[in-house]
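These notes are about the structure you will find just below.
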Amino acid sequence: MNQQRAFQPGRGIVPFLQQSWIAWVWLASMGGHYLVLGIRTGGDTGRYVDGAERLLKGLPLEGKQPMYLLYNSFLALVFGSGFGELAVILLQCLLTLGTALLIYLATREIFNKSVGMMATGVFLLNPDVQRWVFFILPEAMATCALIALLCLALLVQNHQRWVVPALLMAVMVGLARPEGKYFLLPVVIHWALYLKSPYRWQALSMLGIFIGLLLVTVNADTHENFARHMIQGDYIWGYPGLNPHPDQALIRISEQGPFATLIYMLQHEYVLLGKTIAWRVWMFFAHTRPFYSTMHNLLAFSFCAVLYFFSILAWWRCREHRSHFVLLWLAILVQLSMVALTFDDWDGRWLNRVMPVLTILAAAGSVGLLRRLFIFSKQRDACADP
């Protein structure tokens, strides 16, 4: 295990510039994305802005607004301080910078400097991830909170001082988006398996936070008619499904809720259910859409294919880090399971949520091979051949 310190400031201007490369890459990425995108709004932006205004007026949140309490509160804080949308975007940019520094810290300590540089650089320059920073939407906050939680959870394996920050970040993940709470379960499993402490108190603490979030957001998942999506064979939200006109039997059973619908379809409509789940999984991993251009789909699929190849390769080549990989793959599995049981999003943002996780895996799997091509040749090979 590489125990080098991630940051050693105050040793002269040259070392400082060498170690501040993250800030320069971040500045270039944020500046480039802003020039292309400006400040964007999405179809749900009005809901969050209205939620912020209701909080400022002391009014209760309505509809889906309680599901996004953290982002509503964030907007309320910014708008209530007299600032506007530009301040929201600037703060989301700073959140991205903080997340990049944490990715570098964690990957450098767990693997080595080369893995840290590659994982952090790709995270900052990936337009599929960073474009959401310039939307008045909770996507950037939710993505940063998730990868921050996973990095902190990995660091806990080396130093117990990261437990409290990880627990606090877990609360943020659970409040950023309603499905965020389910990402706490991989951390619970990982800590229970790999932290050798009395009574596994860290895992039990994380489990307690999960249960608390589950109780607080008990009605969060009832606003979307998942049963309807299931009987219609929807695999992309807003796009015609495999069974756009379900029969009356399916409609009646869907009124009983998603669990009853799932059981019924497993017994009587297993072909439709299987095809629907297969299409959802394919769209999730392929990251393509029927309504995108051929070039767009080709580029998206090719980039993802490279990530998948090196992520899988990391498991085989980096045996000493498999305990770390378990957590990352479990987080991807949680996201995949939610897509399989609900739908993939119109613009593919559900894969974007875990793309930084895949980036870390791919960086670990690729650096050892790049070393043989004389790239990163001075760095220790964290994933040497077994």
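The figures here come from the full heavy-atom set of this structure, side chains too, leaving out hydrogens, waters and symmetry mates. From a predicted model like this one, the values you see are computed outputs, not experimental measurements.
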Cut-off 3.5 Å, side chains only: do [X] and [Y] have a donor facing an acceptor?
| X | Y | value |
| --- | --- | --- |
| Q160 | Q202 | yes |
| Q248 | R252 | no |
| H287 | N297 | no |
| E109 | H159 | yes |

| task | Measure the acute angle between the ring planes of Y48 and Y71, then classify it against the limits of 30° and 60° as parallel, tilted or perpendicular. | result | perpendicular
Distance-only, no hydrogens or angles: does the [X] side chain make a donor-acceptor pair with backbone N or O of [Y] under 3.5 Å?
| X | Y | value |
| --- | --- | --- |
| Y308 | F285 | yes |
| Q130 | F123 | yes |
| S29 | V25 | no |
| R200 | A192 | yes |
| T45 | G42 | yes |
| N112 | V115 | yes |
| Q335 | I332 | no |

| request: Tell me, with the steps shown, if W21 and Y104 meet ring pair (Phe, Tyr, Trp, His ring centres under 6.0 Å). | output: CA-CA 11 Å; W21 66 270; Y104 183 66; 5.6 Å; yes
[X] and [Y] ion-paired at < 4.0 Å:
| X | Y | value |
| --- | --- | --- |
| R131 | D347 | no |
| R47 | D50 | no |
| K275 | E269 | no |

| message | Quick check: F343 with Y239 (ring centres under 6.0 Å apart)? | response | no
